[in-house]
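Indexing begins at 1, ligand by ligand and atom by atom, following the structure's order.
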Amino acid sequence: MRIPVIAGNWKMNLDRSAAVALARELRDHAASSSAAVGGASGGGAARVEIGVAPPFPYLEAVRSLLRGTPIWVAGQNVSHEKLGAFTGEVAASMLVDVGCSHVLVGHSERRHLYGESSDLVGRKLAAALAAGLAPLLCVGETLAERQAGKTNAVVLEQLESGLKGQEEASLGRLLIAYEPVWAIGTGVNATPAQAGEVHRLIREWLGRRFSKAFAAATRILYGGSVKAENAAELLAVDDVDGALVGGASLTAASFLKIVAACPTRAR
Ligand code: PGA
């Protein structure tokens with residue numbers, strides 16, 4: 001059963017008081033709809049799982065507000081190293097220490113603005129798993145790659161490298177996000193047909209690389225200009241199991257409209 005996931009990527013936005021206020025609104029929503037909002041375990045009557053990825057300095061404040069709710073908290077990035085002289089880096093164990101259960105790896109802004117290679121993304125994913133974090137592996141092509149007909153090759157290469165050396169047994173909590181780079185922050189979302197095509201490609205690849213059961217159980221989120229107005233049609237696509245939301249996750253009103261647009265049952 002794939003319970004849909006709506007995750008907010010706050011990126012480098014908000015200040016402390018705005019982050020806390022947003023977390024408080026999400027907490028209040030979770031409290032008022034506890035039957036409908038599931039946690040990382042996705043147990044019980046959960047209809048939709050919610051997570052947020054705040055900037056590092058606000059992780060602890062957001063996490064302490066959300067403690068006792070099923071809403072999970074993720075880092076936006078993680079070092080591939082354990083601990084040591086790596087100025088400016090944050091270790092997976094530190095994310096766990098401040099209460100994160102999840103972490104984004106391979107977001108396109110990390111790949112394209114900060115030069116993270118697919119190989120590095122794979123090492124980050126391994127570090128996250130080793131520390132007990134659930135990785136949210138982001139993949140997606142640029143506009144030039146799509147126009148050159150390379151979408152499938154790019155996505156498959158990012159999956160191969162991101163999950164290199166991994167065994168199915170350790171990937172039970174893996175989430176994947178298909179985020180076409182040309183759709184991120186541009187207001188131009190992929191059409192449901194475009195998203196569906198790549199999500200199917202990803203699930204078929206998972207079935208070849210791992211087992212069919214694993215492929216059928218793994219949740220694949222779509223990201224890129226998801227907003228209240230387009231969420232329902234994207235989330236209705238068969239292989240789209242949720243959304244990774246940037247801009248529209250910065251206010252509770254717009255984020256919760258996306259949560260409300262989720263299909264009413266697990267697939
Ligand atoms: P966006 O960002 O919703 O602002 O397009 C999505 C993301 O980068 O995760």
Side-chain angles (χ1 to χ4, degrees), residues 4-14 18-19 22 26 48-56 58-59 62 71-78 100 102-116 118 121 124-125 128 133-143 145-146 151 154-155 158-159 162 174-192 194-195 198-199 202 219-235 237 240-262:
V5 185
I6 305 295
N9 174 10
W10 296 357
K11 306 192 180 184
M12 197 173 77
N13 289 300
L14 308 176
L22 177 52
L26 298 181
V48 47
E49 183 179 312
I50 298 178
V52 291
F56 288 136
Y58 310 138
L59 280 173
V62 167
I71 301 174
W72 49 255
V73 178
Q76 296 176 12
N77 185 21
V78 66
C100 290
H102 292 60
V103 67
L104 271 54
V105 289
H107 188 278
S108 69
E109 284 148 20
R110 301 301 319 170
R111 293 179 192 264
H112 295 288
L113 301 177
Y114 298 97
E116 289 189 8
S118 290
V121 171
K124 288 181 175 219
L125 188 136
L133 290 166
L136 201 177
L137 173 63
C138 304
V139 298
E141 81 289 0
T142 63
L143 184 59
E145 288 163 343
R146 173 163 283 264
T151 299
V154 168
V155 167
Q158 291 174 346
L159 289 171
L174 171 74
L175 296 170
I176 293 175
Y178 168 55
E179 298 205 302
V181 179
W182 48 271
I184 295 179
T186 58
V188 183
N189 57 285
T191 63
Q194 287 171 322
V198 180
H199 282 233
I202 294 171
R219 288 164 307 167
I220 307 169
L221 284 53
Y222 167 78
S225 295
V226 176
K227 41 189 182 276
E229 297 73 38
N230 60 19
E233 60 171 15
L234 286 162
L235 294 168
V237 176
V240 175
D241 306 313
L244 181 55
V245 186
S249 72
L250 296 176
T251 68
S254 57
F255 186 64
L256 292 174
K257 276 188 201 147
I258 295 168
V259 171
C262 260

TODO: May I have all residue pairs that pass salt bridge (Lys or Arg N to Asp or Glu O under 4.0 Å) and include part of residues 241-259, sequence neighbours excluded?
DONE: R2-D241, R203-D241, D241-R267
Open item on the list: Using a 3.5 Å distance criterion without hydrogens, assess whether the side chain of N9 forms a donor-acceptor pair with backbone atoms of L244.
Closed with: no
- [ ] Run through ligand 1 for me and note each protein residue having a heavy atom under 4.0 Å from it, chain first, then residue number.
- [x] N9, K11, H107, E179, A183, I184, G185, G224, S225, L244, V245, G246, G247
Open item on the list: What's the separation between atom NE2 in H107 and atom CG in L137, rounded to the nearest 0.5 Å?
Closed with: 12.0 Å
TODO: Report yes if some heavy atom in the side chain of S118 is under 4.5 Å from a heavy atom in the side chain of R111; otherwise report no.
DONE: yes
Task: R146: side chain to side chain donor-acceptor pair (under 3.5 Å) partners, not counting sequence neighbours - done: E141, Y178
Task: Listed partners of E145 passing side chain to side chain donor-acceptor pair (under 3.5 Å), at least two apart - done: T142
